[in-house]
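A short worksheet on the structure shown next.
When a residue number appears, it is its place in the shown sequence, counting from 1.
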Amino acid sequence: MKAHSDGKFGVVVVGSRLVTTVVLATTAEGRRPAVAAFAAHGTWLQPGTIFTPSTQIPWLMLAEVEQQNESERWRQFFSLSSGRIFKVILPEASEIRCVSSLGWLLTLGELKENLLHPLSRLQIQQPDLNTFQDYDEHVNFLLEYVHRMALSASPAATRDYLGMVTHGFAASLGFWRPGDVSWTAVDRWELYMYDITYYKDKLYAVDVHGSVIVCDINGPNPTQVNLVSSPPDGFLPLRNEQLYLLGWLNSTLLVVSRKGVQLTDAGNYGTTIFRAFQLDLRYKRWSEIINLGNRALFLGFNSSFSMETSDTNRCKANCINFTDDCIDSYRSFPAAAAAAAAAGTWEFLTSWMEALSPISMENL
């Protein structure tokens with residue numbers, strides 16, 4: 001089966017199915033990328049290396065294009081700061097769906113789930129997804145079975161890490177530790193989970209109503225789910241929106257709403273606005289943020305994250321960098337995949353949005 005690109009960033013279609021979209025990590029410009037924690041230092045990633053992700057620039061893994069040579073299948077990576085595209089031999093991520101966290105891919109094939117480091121090509125085998133009880137209900141939708149993935153730490157830095165996912169029609173929560181032979185299912189929440197994040201040793205998730213829940217997966221009851229806080233009535237406009245969740249500053253979480261991700265009745269879509277809301281975990285207070293300061297956000301099918309900007313990393317401050325996040329358009333309305341404003345950069349102060357624009361391509 002051949003894969004083809006729809007010509008946009010971060011989306012691959014095999015037949016009529018979405019295969020992959022993901023944000024990965026970067027390096028100092030002009031050097032080979034080393035990928036870990038969405039950050040690197042201009043060298044190849046070596047197991048055991050410690051990375052500090054908050055000051056580096058991510059790369060974006062682009063849609064897979066049709067290729068003739070089956071033995072040297074490659075993927076493309078877009079550099080935000082230079083506008084260059086780099087080609088990397090990566091047959092392990094060919095014609096399958098991937099989600100990402102901390103610079104690692106979770107490759108999703110039929111009963112072949114692995115954590116994949118896209119530069120060293122190191123693979124770490126994961127338990128079969130069929131160890132989840134609801135797996136058999138999704139035999140016709142296996143490429144869409146896992147929605148989001150988050151790692152507690154990079155496997156290159158430590159063996160003491162967790163892999164967490166949302167899965168199934170209800171986007172339920174589950175996790176895995178190195179050495180486990182099966183996934184551990186977290187108690188079912190009544191609503192669909194949009195996004196997850198690992199923050200201060202706990203798993204957090206945001207549901208379709210904007211409520212934030214927590215699971216202390218390192219505590220005595222690792223599968224128990226508790227409500228942290230729900231936003232005040234009318235605080236989050238939810239029509240035609242996607243919500244993202246990430247750890248923020250001073251014991252707070254950030255919930256970001258994105259309007260225009262879901263299909264309209266006419267089969268169209270396209271990002272029109274973002275809004276950001278801060279939840280103080282100590283006092284359970286919500287407030288809207290209108291300025292990100294010197295930080296930038298990175299949102300999409302990847303694990304949501306932020307980073308501090310500087311003259312050194314050449315990343316734009318007070319901006320949201322985003323990829324296409326409308327699965328339905330590729331499942332039911334292929335023509336809608338060409339919608340404008342599906343991937344790009346959003347400036348908070350001016351609400352100005354611009355598309356990602358590659359200027360050259362290089363081999364690594």
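Across Thr107, Leu106, Leu122, Ile124, a single residue satisfies side-chain contact (heavy atoms from CB on, under 4.5 Å) together with Leu116, and that is Thr107.
Scanning both residues, Asp207 and Tyr194, for their nearest heavy atoms gives O-CD1, 3.9 Å. Closest approach of Tyr204 to Tyr199, counting heavy atoms only: CE1-O, 3.4 Å. In this structure, Thr158 and Ala153 approach most closely via the heavy-atom pair CG2-CB, 3.7 Å. The heavy-atom pair separating Leu90 from Pro118 by the smallest distance is CD1-O, 3.4 Å. Scanning both residues, Ala185 and Thr223, for their nearest heavy atoms gives O-CG2, 3.5 Å. Listed here is the closest heavy atom pair of Val212 and Leu227: O-CD1, 3.5 Å.
Asn294 and Thr309 form no side-chain donor-acceptor contact under 3.5 Å, judged by distance and modelled atom types alone. In this model, a donor atom of one side chain and an acceptor atom of the other lie less than 3.5 Å apart for Ser306 and Arg295.
Under the salt bridge (Lys or Arg N to Asp or Glu O under 4.0 Å) criterion, Glu190 pairs with no residue at all, not counting sequence neighbours. Residues satisfying the side-chain hydrogen bond (donor to acceptor under 3.5 Å, both in side chains) criterion with Thr184, sequence neighbours excluded, are absent altogether. Scanning for side-chain hydrogen bond (donor to acceptor under 3.5 Å, both in side chains) contacts around Ser229 gives Trp286, with sequence neighbours left out. Shown here are the side-chain hydrogen bond (donor to acceptor under 3.5 Å, both in side chains) partners of Ser304, two or more places apart in sequence or in another chain: Asp195. For the side-chain hydrogen bond (donor to acceptor under 3.5 Å, both in side chains) test, residues two or more places apart in sequence or in another chain that qualify with Arg121 are Glu92.
Interatomic distance, Leu253 CG to Leu281 CG, rounded to the nearest 0.5 Å: 4.5 Å. In this structure, CG in Leu292 is found 13.5 Å from NZ in Lys316, a value given to the nearest 0.5 Å. Between Phe322 atom CZ and Trp346 atom CH2 the span is 8.5 Å, to the nearest 0.5 Å. Put simply, CD1 on Ile289 and CG on Asn318 are 10.5 Å apart, with the number rounded to the nearest 0.5 Å. We find the OG1-CH2 distance between Thr166 and Trp189 to be 15.5 Å, quoted to the nearest 0.5 Å. A distance of 9.0 Å separates CD1 in Ile85 from CG in Leu60, rounded to the nearest 0.5 Å.
Side-chain N or O atoms of Asn221 include none that pairs as donor or acceptor with a backbone N or O of Gln224 at under 3.5 Å. Of the possible polar contacts, one joining the His147 side chain to the Gly168 backbone as a donor-acceptor pair under 3.5 Å is found. Using modelled atom types, no side-chain atom of Ser101 and backbone atom of Ser303 make a donor-acceptor pair closer than 3.5 Å.
The shortest side-chain heavy-atom distance between Asn218 and Leu162 falls under the 4.5 Å cut-off. At least one side-chain heavy atom of Leu108 sits less than 4.5 Å from a side-chain heavy atom of Leu129. For the pair Leu105/Met61, a side-chain contact is recorded, criterion being any heavy-atom separation below 4.5 Å from C-beta on. Residues Leu102 and Tyr198 form no side-chain contact, since every pair of their non-hydrogen atoms from C-beta on lies 4.5 Å or further apart. Taking 4.5 Å as the limit, some side-chain heavy atom of Phe348 sits within range of a side-chain heavy atom of Ile320. Contact of the Arg75 side chain with the Val88 side chain is not registered, since no non-hydrogen atoms from C-beta on lie closer than 4.5 Å. Inter-residue side-chain proximity for His209 and Ser230 is flagged as unmet; no heavy-atom pair is nearer than 4.5 Å. Residues Trp104 and Ser154 are in side-chain contact: their nearest non-hydrogen atoms beyond the backbone lie under 4.5 Å apart.
Ring planes of Phe298 and Phe305: parallel class, angle under 30° (limits at 30 and 60°).
The 12-atom threshold is exceeded at CG of Leu249, counting heavy atoms of other residues, nucleotides or ligands nearer than 6.0 Å. The environment of Asn250 atom CG is sparse: at most 12 non-hydrogen atoms of other residues, nucleotides or ligands sit within 6.0 angstrom.
Aromatic rings from Phe77 and Phe86 are positioned such that their centres are separated by 6.0 Å or more.
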Could you go through Thr252 and Asp280, starting from their C-alpha distance and side-chain angles, then the distance that decides it, and tell me whether this counts as side chain to side chain donor-acceptor pair (under 3.5 Å)? CA-CA 5 Å; Thr252 63; Asp280 188 313; over 6 Å; no
Check: residues 172-179 side-chain donor-acceptor pairs under 3.5 Å, at least two apart:
| from | atom 1 | to | atom 2 | distance (Å) |
| --- | --- | --- | --- | --- |
| Ser172 | OG | Arg188 | NE | 2.9 |
| Trp176 | NE1 | Asp180 | O | 3.3 |
| Arg177 | NH2 | Ile217 | O | 2.6 |

